[in-house]
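Notes for the one structure printed next.
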Amino acid sequence: MNFKKAKITMLDLDLKGCLYLNHLSHSHAVAYFFKIISRFGNGLFWLIMLASLWVLEGALYIVQLLYLLISGLVGTAIYKILKDKTVRPRPYQVHQVIRLQEPPLDHFSFPSGHTLHAVMASTVLGYIQPVLLVLMLPFTILVAISRMVLGLHYPSDVLVGALIGAVIAGGIIVSAPFFNIML
């Protein structure tokens, strides 16, 4: 058996996953649906969730906003550093068979900032008000999928973005009692 031929690398799996999901965008209805999801993931959905939190939590909203602001700043700093250091091209830039369905917000692919922020916001807001998870969890999954369907990210970009978002959110949740003392 020739191991060189049988060997499947992570890059091969990454490309195959990206090709499979991007192929779904050949349907105009699917592409349009995921464009809407991606655009809502730019911030509008999260503003609606913050407004919902304000309605559900009242005056405590300021403390929760601080949690989300800190986690958002940390997430943005980490993903910008990683994008600048890894400079991984987006799938559509490398593979002509990948259809770009939505213009990117920045130049590089790794990690997915949309997924990072979706996981982070869902985790932090879900910790504060678990009832919001009914809306946030499906939306977060759709945001992650949208990034690959639209030709903007590889599965590994999305997976790493999700992991970073979960770690940041976990750190904020664990340190939340410290923030409450400071306020």
Side-chain angles (χ1 to χ4, degrees), residues 8-22 24 34 37-47 49-50 53 64-95 98 102 104-130 132-179:
I8 297 176
T9 67
M10 282 300 287
L11 292 175
D12 294 332
L13 289 174
D14 224 13
L15 177 58
K16 285 180 183 184
C18 188
L19 286 168
Y20 176 79
L21 289 167
N22 183 252
L24 298 174
F34 282 109
I37 293 295
S38 186
R39 288 180 186 165
F40 270 93
N42 285 347
L44 182 58
F45 179 81
W46 305 113
L47 290 174
M49 291 299 100
L50 284 170
L53 182 65
Q64 282 78 15
L65 183 59
L66 178 63
Y67 297 153
L68 201 56
L69 179 63
I70 291 169
S71 57
L73 291 172
V74 170
T76 299
I78 290 172
Y79 102 85
K80 283 187 180 233
I81 289 168
L82 285 173
K83 282 191 183 237
D84 288 345
K85 296 293 182 192
T86 60
V87 296
R88 183 181 195 184
R90 292 188 180 273
Y92 75 90
Q93 295 171 319
V94 178
H95 308 285
I98 301 286
E102 184 76 2
L105 297 178
D106 56 40
H107 298 294
F108 301 114
S109 179
F110 183 86
S112 169
H114 275 75
T115 305
L116 183 156
H117 285 96
V119 168
M120 184 263 321
S122 289
T123 305
V124 172
L125 292 173
Y127 174 77
I128 296 164
Q129 189 54 252
L132 294 177
L133 288 171
V134 172
L135 297 171
M136 291 186 300
L137 286 178
F139 183 76
T140 296
I141 291 167
L142 289 172
V143 166
I145 293 169
S146 79
R147 307 313 288 164
M148 296 172 286
V149 170
L150 298 174
L152 295 163
H153 289 285
Y154 295 98
S156 60
D157 301 336
V158 170
L159 179 63
V160 171
L163 290 172
I164 294 169
V167 167
I168 293 168
I172 291 296
I173 290 168
V174 167
S175 62
F178 172 74
F179 289 126

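All heavy atoms count here, side chains included; hydrogens, waters and symmetry mates do not.
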For this session: Decide yes or no on side chain to side chain contact (heavy atoms under 4.5 Å, CB included) for Lys80 and Asp106, but give the supporting numbers first.
Result: CA-CA 10 Å; Lys80 283 187 180 233; Asp106 56 40; over 6 Å; no
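- The distance from the OG1 atom of Thr140 to the CD1 atom of Ile145 is 11.0 Å, given to the nearest 0.5 Å.
- Side-chain atoms of Asp12 come within 3.5 Å of backbone atoms of Thr9 as a donor-acceptor pair (strictly under, hydrogens ignored).
- Looking at His95, its side chain never comes within 3.5 Å of a backbone N or O of Pro91 through a donor-acceptor pair.
- The distance from atom CG of Leu159 to atom CD1 of Ile164, rounded to the nearest 0.5 Å, is 10.0 Å.
- With a 6.0 Å radius and a threshold of 12 heavy atoms from other residues, nucleotides or ligands, Tyr127 has its OH atom at or below the threshold.
- Between Met136 and Phe45, some side-chain heavy-atom pair lies under the 4.5 Å cut-off.
- Closest heavy-atom contact between Ile37 and Val143: CG2-N, 3.7 Å.
- Of all the heavy atoms in Ala162 and Val119, the pair that sits closest is O-CG1, 3.4 Å.
- In this structure, OH in Tyr79 is found 12.5 Å from CZ in Phe108, a value given to the nearest 0.5 Å.
- A donor-acceptor contact shorter than 3.5 Å links the side chain of Gln93 to the backbone of Arg90.
- Minimum interatomic distance between Gly41 and Trp46 (heavy atoms only, all atoms of both residues): O-NE1, 3.6 Å.
- Among residues two or more places apart in sequence or in another chain, the side chain to side chain contact (heavy atoms under 4.5 Å, CB included) test is passed with Leu19 by Leu15, Val97, Ile98.
- Considering all non-hydrogen atoms of both residues, Met120 and Ile168 come closest at CG-CG2, 4.0 Å.
- Judged purely by atom type and a 3.5 angstrom limit, His153 has no side-chain atom pairing as donor or acceptor with the backbone of Val158.
- Looking at Lys83, its side chain never comes within 3.5 Å of a backbone N or O of Phe110 through a donor-acceptor pair.
- Annotation: the span from Ile141 atom CD1 to Ser122 atom OG amounts to 9.0 Å, rounded to 0.5 Å.
- Taking each heavy atom of Met49 and Leu132 in turn, the nearest pair found is O-CD1, 4.0 Å.
- Note on residues 161-171: no pairs pass side chain to side chain donor-acceptor pair (under 3.5 Å), not counting sequence neighbours.
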For this session: Run the numbers on Thr115 and Arg147 for side-chain hydrogen bond (donor to acceptor under 3.5 Å, both in side chains), then give the verdict.
Result: CA-CA 8 Å; Thr115 305; Arg147 307 313 288 164; 5.7 Å; no
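- Ser71 and His117 are not linked by any side-chain donor-acceptor pair at a separation below 3.5 angstrom, with hydrogens and angles left out of the test.
- Atom SG in Cys18 sits 12.5 Å away from atom CG in Leu13 (nearest 0.5 Å).
- A donor-acceptor pair is defined here as one N or O able to donate and one able to accept, closer than 3.5 Å; no such pair exists between the side chain of Asp14 and the backbone of Tyr154.
- When side chains are defined from C-beta on, Met148 does not count as touching Leu24, because their heavy atoms never get closer than 4.5 Å.
- A distance-only check finds a donor-acceptor pair linking the side chain of Ser175 to the backbone of Ile172 [under 3.5 Å].
- When all heavy atoms of Leu152 and Ser109 are compared, the pair lying nearest together is O-OG, 3.7 Å.
- Counting heavy atoms from C-beta outward, Leu125 and Leu133 have side chains that stay 4.5 Å or more apart.
- Using a 4.0 Å cut-off between charged side-chain N and carboxylate O, Arg88 and Asp157 make a salt bridge.
- Note: Thr123 OG1 to Ile128 CD1 = 11.0 Å, rounded to the nearest 0.5 Å.
- Checking side-chain atoms of Ser38 against main-chain N and O of Phe34 turns up no donor-acceptor pair under 3.5 Å.
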